[in-house]
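Before any comments, here is the structure.
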Amino acid sequence: MPEHLFERVAIIGIGLIGSSLAYAIRKHGAARTVVAYDRVPDVRSRAMALGLAEHVEDNAKAAVEGADLVILCVPVGAIAAVMEDIAPHLSKGVIVTDVGSVKHSVVQDVMPRLPSDAQFVPGHPIAGTENSGPEAGFAELFEERWCILTPEGVCDDVATEQVAALWQRIGSSVDIMSPEHHDLVCAVTSHLPHLIAYNIVGTAADLEEVTKSEVIKYSAAGFRDFTRLAASDPTMWRDVFLNNKEAVLEMLGRFSEDLAALQRAIRWSDGEALFELFTRTREIRRGIIQAGQETDEPDFGRGLRQHQTGPASKITNS
Ligand code: NAP
């Protein structure tokens with residue numbers, strides 16, 4: 001087993017990402033000890049029963065004391081309160097990092113609360129599923145996935161390299177960018193697609209009365225692929241939209257314009273415009289498969305995944 005990168009890693013929030021990190025860090029021997037904490041006693045008991053960390057502490061203070069790395073795995077709207085709670089108990093020289101899907105607001109929330117002898121390395125693994133809670137976690141979640149770090153103007157190079165080494169150890173590739181650029185990129189690749197999915201599924205649910213269950217019955221025609229995204233954790237996604245307002249609204253404006261152009265093409269029977277767009281979009285999917293970020297199994301690998309025990313490891317949310 002290679003050398004440990006950290007002595008004691010404290011994971012705050014034992015949901016999908018927190019539990020997957022605990023499993024992955026232990027699987028790859030990236031830390032001597034992994035401790036975890038969740039605010040809900042029942043979640044702590046379940047985490048203990050799953051054996052995902054060496055210790056599951058019953059308060060945040062006990063979890064972070066003595067840790068040389070603290071990973072915040074809570075919704076982005078909860079980061080400020082969690083920092084208030086843990087800041088007085090952080091060890092000298094500790095590195096704090098996070099996994100939040102928005103970066104600019106998280107930096108704003110963490111930095112004023114961070115002790116002066118600590119470093120904060122903002123992070124976001126581009127890996128996930130629509131499932132939540134400790135039972136959803138699995139060690140392979142981050143393998144062959146990207147993790148984005150946004151250290152610009154926030155932390156020093158040594159801390160960034162240490163956190164990058166952790167993600168690389170558990171199978172991810174690391175990319176570095178500014179928090180603002182991260183938020184713009186994710187608004188396009190993740191936040192807007194989720195918003196569209198929530199909207200389509202919401203509209204279909206409203207029409208359910210009219211269609212008399214046919215929406216569910218014939219969902220394989222395309223609708224069900226949106227329902228996977230729209231099943232994602234409501235707290236997490238509420239917080240993403242409230243904390244990445246500007247970038248999402250900018251992308252939404254652009255999306256609405258393009259949708260209006262499609263509407264016009266249909267109205268005026270402009271088959272050429274439709275065909276040209278659909279040909280371009282097909283190429284984009286091929287590119288994603290070639291980059292190893294999706295399966296080319298028929299039916300999105302659904303048949304294959306039915307035989308797997310864990311959640312679909314090929315599916316990526318962020
Ligand atoms: P999850 O499975 O729903 O877990 C969320 C965790 O945060 C739970 O431990 C929950 O505790 C805790 N939490 C919720 N509200 C809290 C509060 N107000 N104070 C303290 N703890 C609170 O969600 P997740 O998918 O692991 O998401 C965690 C973070 O990862 C989020 O910041 C999200 O943006 C980011 N992320 C998610 C994905 C994804 O696909 N899911 C991908 C990349 C990054 P309780 O059990 O007590 O409710």
Side-chain angles (χ1 to χ4, degrees), residues 10-24 35-48 50 52-53 56-61 63-64 70-86 96-107 109-110 122-138 141-142 145-150 167 170 172 175 179 182-183 185-187 189-191 193-194 197-198 228-244 248 293 311-318:
I11 292 174
I12 308 298
I14 319 177
L16 166 73
I17 301 293
S19 60
S20 297
L21 267 172
Y23 285 128
V35 300
Y37 166 74
D38 195 282
R39 62 181 178 160
V40 175
D42 177 56
V43 174
R44 298 200 293 268
S45 307
R46 280 155 43 209
M48 211 120 67
L50 288 165
L52 52 82
V56 177
E57 302 289 355
D58 62 9
N59 62 81
K61 173 177 182 281
V64 303
V70 174
I71 313 180
L72 309 177
C73 300
V74 299
V76 292
I79 295 254
V82 168
M83 272 307 291
E84 292 278 339
D85 205 20
I86 65 170
V96 178
T97 187
D98 80 306
V99 295
S101 306
V102 179
K103 294 276 58 84
H104 178 72
S105 73
V106 166
V107 170
D109 285 346
V110 170
H124 177 204
I126 309 299
T129 74
E130 66 278 26
N131 303 313
S132 306
E135 288 79 9
F138 57 108
L141 179 63
F142 310 105
R145 293 288 174 260
W146 285 96
C147 178
I148 299 175
L149 301 181
T150 64
W167 285 104
I170 64 176
S172 295
D175 227 349
H182 164 277
D183 290 355
V185 169
C186 287
T189 57
S190 169
H191 307 171
H194 277 82
Y198 281 123
R228 186 184 72 74
L229 288 184
S232 301
D233 188 67
T235 306
M236 168 187 157
W237 283 97
R238 176 202 62 196
D239 285 5
V240 165
F241 292 116
L242 294 182
N243 287 279
N244 197 21
V248 170
Q293 297 300 303
S313 59
K314 286 283 184 192
I315 288 179
T316 298
N317 284 10
S318 55

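Numbering of ligands and ligand atoms starts at 1, following listing order.
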I'd like to check which ligand 1 atoms, numbered from 1 as shown, lie under 4.0 Å from a non-hydrogen atom of Pro125.
43 (C)
Numbering as shown, the atoms of ligand 1 that approach Asp233 to under 4.0 Å (heavy-atom distance):
3 (O)
Under 4.0 Å from any heavy atom of Gly128, which atoms of ligand 1 are there?
40 (O)
With a heavy-atom distance limit of 4.0 Å, tell me whether Ile17 approaches ligand 1 through its side chain, its backbone, both, or neither.
both
Should the ring pair Trp237 and His194 be called parallel, tilted or perpendicular, given that the plane angle runs from 0 to 90° and is split at 30 and 60?
parallel
To the nearest 0.5 Å, what is the distance between CG on Leu50 and OG on Ser45?
11.0 Å
Numbering as shown, the atoms of ligand 1 that approach Ala127 to under 4.0 Å (heavy-atom distance)
42 (C), 43 (C)
Backbone or side-chain N or O of Asn131 under 3.5 Å from ligand 1 N or O:
no
Using a strict cut-off of 4.0 Å, indicate which atoms of ligand 1 neighbour a heavy atom of Val40.
45 (P), 47 (O)
Donor-acceptor pair, distance only, cut-off 3.5 Å: does the side chain of Asn243 make one with the backbone of Asp239?
yes
Look only at interatomic distance and state if Ile14 has a nitrogen or oxygen under 3.5 Å from any nitrogen or oxygen of ligand 1.
yes
Heteroatom distance test (Val240, ligand 1): nitrogen or oxygen, under 3.5 angstrom
no
N/O of Leu16 under 3.5 Å from N/O of ligand 1, yes or no?
yes
Which of the atoms in ligand 1, numbered in the order shown and given with their element, are less than 4.0 Å from a heavy-atom of His124?
43 (C), 44 (C)
So, 4.0 Å and heavy atoms of Thr129: is ligand 1 close enough to count as a contact?
yes
Ligand 1-proximal atoms of Val43, by part, heavy-atom distance under 4.0 Å:
side chain
I'd like to know if Gly77 contacts ligand 1, where contact means a heavy-atom distance under 4.0 Å to any ligand atom.
no
Short list, please: which atoms of ligand 1 are under 4.0 Å from a heavy atom of Cys73?
6 (C), 7 (O), 28 (C)
Check each atom of ligand 1 against the heavy atoms of Val76 and keep those under 4.0 Å away; list them by number with element.
32 (O)
Partner of His182 under side-chain hydrogen bond (donor to acceptor under 3.5 Å, both in side chains), picked from Lys103, His124, His104, is His124
Is there a heavy atom in Thr235 that sits closer than 4.0 Å to ligand 1?
no
Are Met83 and Leu72 packed together at the side-chain level, in the sense that at least one heavy-atom pair is separated by less than 4.5 angstrom?
yes
Consider every N or O of Gly133 and every N or O of ligand 1, then say whether any pair is closer than 3.5 Å.
yes
